[in-house]
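Heads up, the thing below is written out as structure tokens.
All residue numbers refer to positions in the sequence shown, counting from 1.
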Amino acid sequence: MSSSVTPTPHDLAPPGTDPDQQPEPLYQRLHAEGPVHRVRMLDLGDVWLVVGRAEARAALADPLLRNDLRHSAGWSDDGSYGPGRNMLQTDPPEHTRLRARVTRHFTQARVTALRPRIRQITAELVDALPRSGTADLVDAFAVPLPITVICELLGVPEQDRPTMRAWSRALITPDSDELGRASSAAMAGYFGELLARRRRDPRDDLLSLLASPDDEDPLSPEELIGMCFLLVVAGHETTMNLISGALYTLLCQPPLLASVRADPSLLGEVVEETLRFHSPARAAAFRYAAGDTRIGDTAVARGEAVVISLGGAGQDPRGCPHPERFALGRERPNHLGFGHGVHHCPGAPLARAEGVIALTELLARRPEFRLAVPPDAVRWRASVLLRGIDELPVRFG
């Protein structure tokens with residue numbers, strides 16, 4: 001795309017917002033035209049949409065593309081990231097300070113220590129599936145595994161987790177703006193009360209550590225609420241999409257399913273290819289240009305909005321031969337599924353572990369199950385930032 005001409009925006013529903021439309025054909029058309037596009041995306045207005053992998057990677061690391069919408073020219077925080085202030089809404093040094101509070105809890109060593117518990121939770125979920133008949137693997141498996149893990153880490157009581165899941169879904173894909181705002185307020189109120197209880201009666205959980213009155217650099221009430229929100233939503237929504245997307249692909253490709261049943265060590269590659277092909281996080285958090293900058297050959301002026309398509313980057317034929325194919329054995333890393341730069345997802349090791357363990361346990365313990373509906377009847381949830389399967393009906397026996 002020429003940097004000397006500002007193209008006229010064309011209307012574009014963000015890939016993934018139409019549950020009946022697969023985004024890959026749209027990505028193919030966009031890639032044929034160029035890596036960066038001027039588009040009008042629903043109520044976001046005119047934005048730069050980045051779909052090229054190299055361009056997306058560079059944009060994610062560009063310090064002039066800012067996440068903090070409070071300081072943008074014409075943009076404002078509309079509450080779409082939920083209550084409080086969180087890492088997605090901030091830039092260094094504020095982001096660095098917030099991120100340091102949680103990254104040590106999601107290191108590879110900590111995740112390795114969590115593996116036995118993740119495996120136990122997974123086994124219990126698999127054993128609870130019916131021996132015959134049908135079940136929805138999203139509701140019965142892909143959702144409860146990651147939300148149980150993250151809620152246990154945080155210290156959310158078991159009886160409150162279904163409500164937490166309902167609030168999270170309403171925030172990501174609200175049936176109405178009113179429902180989204182109500183869920184945001186309810187979650188903020190809930191965590192405010194739970195954090196107060198943890199200050200009075202600390203437990204062996206992450207909430208108690210975050211709320212500790214002995215902390216030399218305590219988080220503000222707004223930061224605490226924002227951190228809780230982000231850990232719950234980001235801690236299970238993308239992993240749920242990862243697990244269900246991988247299962248859907250395996251069930252749609254019997255030869256691939258047979259291969260991984262014969263060699264479960266391939267499931268790590270299945271997880272990585274799912275992150276590229278289905279991209280549970282369809283786009284990074286919206287950014288704006290704090291100064292004039294460039295994305296590839298495209299000039300971006302100060303104050304302009306940028307949407308970086310992680311899904312589009314995974315479908316870039318310049319960086320991935322035959323991106324329309326789900327194929328194992330690709331060079332790694334071949335995706336930006338967890339982002340890049342200072343905002344790279346700190347929960348990536350945990351999500352990868354949950355994905356591999358979920359697939360391993362399900363395939364080992366339940367060798368006979370298949371889709372209960374035609375593949376094209378499986379519905380995908382509509383969201384600008386995320387994309388996942390709404391229901392995955394399977395038949396056992």
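- The CZ atom of R199 sits 10.0 Å away from atom CG of L207, with the distance rounded to the nearest 0.5 Å.
- Closest approach of R97 to P218, counting heavy atoms only: NH2-O, 3.0 Å.
- Using a 4.5 Å heavy-atom cutoff, the side chains of S183 and L179 are in contact.
- The closest donor-acceptor contact from the side chain of R161 to the backbone of V156 lies under 3.5 Å.
- Rounded to the nearest 0.5 angstrom, Y190 OH and T163 OG1 are separated by 8.0 Å.
- With H37 contributing its side chain and L30 its backbone, the two residues share a donor-acceptor pair below 3.5 Å.
- Between the side chain of S208 and the main chain of D204, no donor-acceptor pair closer than 3.5 Å is present.
- Ring geometry, H31 versus Y27: the interplanar angle falls from 30° to 60°, so the pair is classed tilted.
- Between R302 and D292 no salt bridge is recorded (no basic side-chain N to carboxylate O distance below 4.0 Å).
- Distance CD1/I308 to CD/E55: 11.5 Å, rounded to 0.5 Å.
- Within the structure, side-chain hydrogen bond (donor to acceptor under 3.5 Å, both in side chains) pairs that include any residue of residues 388-397 comprise R169-D390 (at least two apart or interchain).
- More than 12 heavy atoms of other residues, nucleotides or ligands shown are found within 6.0 angstrom of CD on Q159.
- Transitive grouping of hydrophobic side chains (ILVMFWY, heavy atoms separated by less than 4.5 Å) keeps V306 and L64 in distinct clusters.
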Next on the checklist: side-chain contact (heavy atoms from CB on, under 4.5 Å) for R115 and I357? Distances and angles first, verdict last.
Outcome noted: CA-CA 8 Å; R115 281 180 172 272; I357 291 172; 3.7 Å; yes
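- Side-chain contact check for L65 versus Y288: every heavy-atom pair is 4.5 Å or farther apart.
- In this structure, the side chain of R99 engages the main chain of V342 through a donor-acceptor pair within 3.5 Å.
- In summary, R198 and D205 engage in a salt bridge, as defined by a charged side-chain N under 4.0 Å from a carboxylate O.
- R294 approaches A299 most closely through the heavy-atom pair NH1-CB, 4.0 Å.
- Within the cation-pi definition used here (under 6.0 Å to the ring centroid, within 45° of the axis), R131 does not qualify as a partner of F396.
- Residues F191 and W167 keep their aromatic ring centres 6.0 Å or farther apart.
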Item to check | side-chain contact (heavy atoms from CB on, under 4.5 Å) evaluation trace for L129 with L137 | outcome: CA-CA 9 Å; L129 293 170; L137 283 185; 4.1 Å; yes
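- Salt bridge annotation for E272-R276: absent, with no cationic side-chain nitrogen under 4.0 angstrom from a carboxylate oxygen.
- Side-chain contact check for V102 versus L231: some heavy-atom pair is nearer than 4.5 Å.
- Shown here for F326 and V270, the closest heavy-atom pair between the two residues is CZ-O, 3.8 Å.
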Next on the checklist: Evaluate L145 against I121 for side-chain contact (heavy atoms from CB on, under 4.5 Å), listing each step before the verdict.
Outcome noted: CA-CA 7 Å; L145 172 57; I121 296 169; 3.8 Å; yes
Item to check | Derivation of the side-chain contact (heavy atoms from CB on, under 4.5 Å) call for L363 and L267 | outcome: CA-CA 10 Å; L363 295 181; L267 289 172; 4.1 Å; yes
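- At distances below 3.5 Å, not a single donor-acceptor pair connects side-chain atoms of T107 with backbone N or O atoms of T103.
- Judged by distance alone, the side chain of T112 and the main-chain N or O of Q108 form a donor-acceptor pair under 3.5 Å.
- Checked by atom type and distance alone, the side chain of H335 pairs as donor or acceptor with a backbone atom of G337 at under 3.5 Å.
- Here the CG atom belonging to L230 is positioned 5.0 Å from the CE atom belonging to M87, to the nearest 0.5 angstrom.
- Considering every non-hydrogen atom in both A285 and L88, the closest pair reads CB-CD2, 4.0 Å.
- Separation of atoms CG (L247) and CD1 (I389) is listed at 8.0 Å; rounding is to 0.5 Å.
- Taking the six-membered ring where the residue is Trp, H343 and H95 present tilted rings, their angle falling between 30° and 60°.
- Closest approach of R66 to P92, counting heavy atoms only: NH2-O, 3.9 Å.
- Between S168 and E237 the shortest side-chain heavy-atom distance falls below 4.5 Å.
- The backbone N or O of G52 lies less than 3.5 Å from no partner atom in the side chain of D316, so there is not a single donor-acceptor pair.
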Next on the checklist: Checking R119 against E354 for the salt bridge (Lys or Arg N to Asp or Glu O under 4.0 Å) test, could you report, in this order, the C-alpha distance in whole Å, the side-chain angles of both residues, the deciding distance, and whether it holds?
Outcome noted: CA-CA 8 Å; R119 194 170 291 110; E354 289 179 284; over 6 Å; no
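- Residues L153 and L114 form a side-chain contact, since some pair of their non-hydrogen atoms from C-beta on lies under 4.5 Å apart.
- The side-chain heavy atoms of L336 and L275, taken from C-beta on, include no pair separated by under 4.5 Å.
- Side-chain contact between M227 and E223: absent, with no pair of heavy atoms (C-beta onward) separated by less than 4.5 Å.
- The only member of N241, T249, L242 that meets side chain to side chain contact (heavy atoms under 4.5 Å, CB included) when paired with H278 is T249.
- Side-chain polar atoms of T293 and D62 form a donor-acceptor pair below 3.5 angstrom.
- With contacts defined as side-chain heavy-atom distances shorter than 4.5 Å, the pair L310/R282 does not qualify.
- Minimum heavy-atom separation, R370 to G397: NH1-O, 3.2 Å.
- A donor-acceptor distance shorter than 3.5 angstrom exists from the side chain of R261 to the backbone of P367, with no hydrogens or angles considered.
- Annotation: E178, atom CD; neighbour count of heavy atoms from other residues, nucleotides and ligands within 6.0 Å is above 12.
- No donor-acceptor distance shorter than 3.5 angstrom exists from the side chain of R381 to the backbone of L386, with no hydrogens or angles considered.
- Once rounded to the nearest 0.5 Å, the distance linking CG of N67 with CD of E94 reads 11.5 Å.
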